[in-house]
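Note sheet for the following structure.
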Number of protein chains: 2
Amino acid sequence: MALVGRHLNKIDKKGRVSIPKPFRTAMIAEGYSGVYIFPSFKAQALEGSGEVFIQRLTDSLEDNFDLFSDDQEDLASITLERTHQLPFDPEGRVSLPLELRQHTGLVNEALFVGRGSRFRIWVPEVYELYAASQLDRAKARGATLPLSPSKPDRGA
Amino acid sequence: MALVGRHLNKIDKKGRVSIPKPFRTAMIAEGYSGVYIFPSFKAQALEGSGEVFIQRLTDSLEDNFDLFSDDQEDLASITLERTHQLPFDPEGRVSLPLELRQHTGLVNEALFVGRGSRFRIWVPEVYELYAASQLDRAKARGATLPLSPSKPDRGA
DNA sequence: GGTCTATATGGGATACTATGGGAACAGATG
DNA sequence: CATCTGTTCCCATAGTATCCCATATAGACC
């Protein structure tokens with residue numbers, strides 16, 4: 001199930017935040033009742049994903065078990081090392097560690113933005129700025145989105 | 001379950017240290033209630049893994065499975081010879097042998113860093129330096145996340 | 001417009017993890 | 001055979017994170 005749309009939720013005193021129901025459902029479908037969250041390199045936001053994506057990263061480190069590392073390995077390891085595994089509580093919330101909240105400046109509200117297989121978590125105001133600049137850029141370029149051929153069923 | 005994130009634990013006078021709960025759970029799931037630890041050649045750290053990885057190393061030596069190249073096979077034998085099998089105590093701790101502590105300079109604190117299927121144990125300060133340079137390099141290259149195709153289910 | 005259901009939210013009570021230290025044990029040594 | 005040394009087990013504790021229950025809200029449905 002693709003992750004789409006924007007969802008604005010509150011962060012309580014304990015640092016807990018509800019994962020939007022559709023996202024939550026998709027994560028659970030991947031096999032783990034929780035989410036994996038890590039700081040984004042490119043944006044001032046958090047990156048959220050499910051079991052499948054993390055497994056991909058793991059696989060890229062798995063096979064050639066040492067000696068020579070390539071760029072991808074480095075990136076995979078950096079990502080994994082900064083990832084937090086956050087299980088859902090009975091109400092479908094997770095508690096965001098301080099480290100992650102500080103990375104983006106999250107305090108009272110968290111804006112969840114679907115990006116297909118993953119999602120991002122933004123400070124609402126920061127997202128507005130980002131989204132506006134993105135739209136401008138797209139218009140300026142007259143952006144067209146190249147569509148890749150549909151893939152065989154990946155299950156899940 | 002993938003091993004991710006960083007966990008800072010203390011080493012007591014007796015040389016004992018708690019294995020982070022999520023790591024511990026993953027190790028036990030592989031069939032042995034403890035961890036296998038050996039010095040890393042690439043980093044000034046210890047390398048930790050569970051039954052599965054050690055079994056793979058063993059297999060690559062016994063049969064001529066083409067899991068690893070010749071070089072790596074040599075490496076496997078060296079690795080196994082330096083590996084310590086450390087069982088969990090009732091509280092989920094292991095006692096790090098002096099040899100391993102000295103290899104990395106571990107004294108009071110141990111930083112556990114998840115890398116997917118395995119983890120590393122660092123002196124916190126040493127890791128900070130390593131991680132910082134690692135991140136700089138990644139940014140300098142223009143970080144893109146590795147998205148190798150997802151693999152078919154490998155079970156468990 | 002009113003009611004109903006489900007998601008999102010708040011907060012107190014509870015359970016668990018990490019940690020420290022003493023006691024019981026086992027092997028080594030003289 | 002007694003003693004010594006280094007482990008492993010057992011118990012106690014602090015601090016934190018999780019669970020549980022109550023409530024607010026939003027949207028769907030009559």
Side-chain angles (χ1 to χ4, degrees), chain A residues 1 3-29 32-37 46 48 83-102 106-114 119-124, chain B residues 1 3-29 32-37 46 48 84-102 106-114 119 121-124:
Chain A
M1 194 69 68
L3 274 32
V4 298
R6 301 185 286 255
H7 310 262
L8 181 63
N9 286 347
K10 291 178 185 172
I11 301 175
D12 68 20
K13 299 173 194 169
K14 297 181 181 178
R16 295 178 301 186
V17 62
S18 280
I19 303 297
K21 188 68 200 311
F23 292 9
R24 201 190 308 163
T25 303
M27 298 297 107
I28 292 177
Y32 170 63
S33 184
V35 291
Y36 294 86
I37 298 185
L46 298 177
T83 295
H84 290 248
Q85 186 182 48
L86 307 177
F88 296 139
D89 74 5
E91 285 76 37
R93 292 173 288 195
V94 301
S95 60
L96 286 176
L98 192 57
E99 179 192 357
L100 290 179
R101 273 178 279 160
Q102 289 180 335
L106 286 164
V107 182
N108 294 317
E109 291 184 317
L111 182 66
F112 291 78
V113 182
F119 62 89
R120 281 182 177 169
I121 306 176
W122 295 83
V123 172
Chain B
M1 197 67 69
L3 274 32
V4 299
R6 296 170 292 205
H7 310 263
L8 182 63
N9 286 347
K10 291 178 184 173
I11 302 175
D12 68 20
K13 300 172 194 169
K14 299 180 182 178
R16 296 177 300 185
V17 62
S18 280
I19 304 296
K21 187 67 203 311
F23 292 8
R24 200 190 309 161
T25 303
M27 298 297 106
I28 291 176
Y32 170 63
S33 184
V35 291
Y36 295 85
I37 298 184
L46 297 177
H84 291 248
Q85 186 183 44
L86 307 177
F88 295 140
D89 76 5
E91 283 76 35
R93 292 174 287 197
V94 301
S95 58
L96 286 176
L98 193 56
E99 179 192 354
L100 291 180
R101 271 178 281 162
Q102 288 180 337
L106 286 165
V107 182
N108 295 317
E109 292 184 315
L111 184 67
F112 290 77
V113 181
F119 62 89
I121 306 176
W122 294 83
V123 172

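Below, chains carry the letters A, B, ... as their sequence lines are ordered, and counting in each starts from 1. None of the values given here were measured: they were computed from a predicted structure. In what follows, every heavy atom counts, from backbone to side chain, and hydrogens, waters and symmetry copies are set aside.
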Practice task
Determine whether the aromatic ring centres of B:F119 and B:H7 lie less than 6.0 Å apart.
Solution key: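 No; B:H7 has its ring centre 6.0 Å or more from that of B:F119.
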Exercise for the section: Could you tell me the separation between the CD atom of A:E109 and the P atom of C:dA8, rounded to a whole number of Å? Expected result: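 Roughly 14 Å, once rounded to whole Å.
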Exercise for the section: Find the distance A:D89:CG to C:dA15:P and express it as a whole number of Å. Expected result: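 So the CG-P distance, A:D89 to C:dA15, works out to 17 Å.
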Quick one: is [X] getting a side-chain N or O under 4.0 Å of the [N] phosphate, OP1 or OP2?
X	N	value
B:K10	C:dT19	no
B:S95	D:dT8	yes
B:R24	C:dA18	yes

Problem - Upstream residue (5' side of DNA chain D) when B:P90 and A:R93 are each assigned their closest nucleotide - result: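 Here B:P90 is the residue nearer the 5' end.
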Problem - Degree of bending, the helix from C:dG1-D:dC30 to C:dG30-D:dC1 (end axes from five pairs; round to 10°) - result: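 About 30°, once rounded to a multiple of 10°.
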Exercise for the section: Using a heavy-atom cut-off of under 4.0 Å over every strand shown, decide if B:L98 touches base, sugar-phosphate, or nothing. Expected result: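 Result for B:L98 = nothing.
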Exercise for the section: Indicate the atoms forming the closest heavy-atom contact of A:A110 with A:V17, along with that distance. Expected result: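 That would be CB-CG2, 4.2 Å.
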Problem - Heavy-atom pair with the smallest gap, counting every atom of B:V113 and B:W122 - result: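 Residues B:V113 and B:W122, closest heavy atoms: CG2-CD1, 3.6 Å.
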Practice task
Please figure out whether B:G92 or A:H7 has its closest DNA chain C nucleotide nearer the 5' end.
Solution key: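 By nearest-heavy-atom nucleotide position, the 5'-most residue is A:H7.
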Problem - Side chain A:R6, main chain A:L111, donor-acceptor under 3.5 Å - result: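 Side chain of A:R6 to backbone of A:L111, a donor-acceptor pair under 3.5 Å: no, none is there.
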Problem - Side-chain (A:R24) to main-chain (A:I19) donor-acceptor, under 3.5 angstrom - result: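 Such a contact is found between A:R24 side chain and A:I19 backbone.
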Handout entry: Base C:dT9 paired with A:K13 side chain (donor-acceptor, <3.5 Å)
Key =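 A donor-acceptor contact between them is absent.
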Handout entry: B:E91 (side chain) and C:dC16 (base): donor-acceptor pair under 3.5 Å
Key =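 It does not, because no donor-acceptor pair links the side chain of B:E91 to the base of C:dC16 below 3.5 Å.
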Problem - A:K14 side chain, from C-beta outward: closest of C:dG20, C:dA8, C:dA13 - result: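 Within the option list, the nearest is C:dA13.
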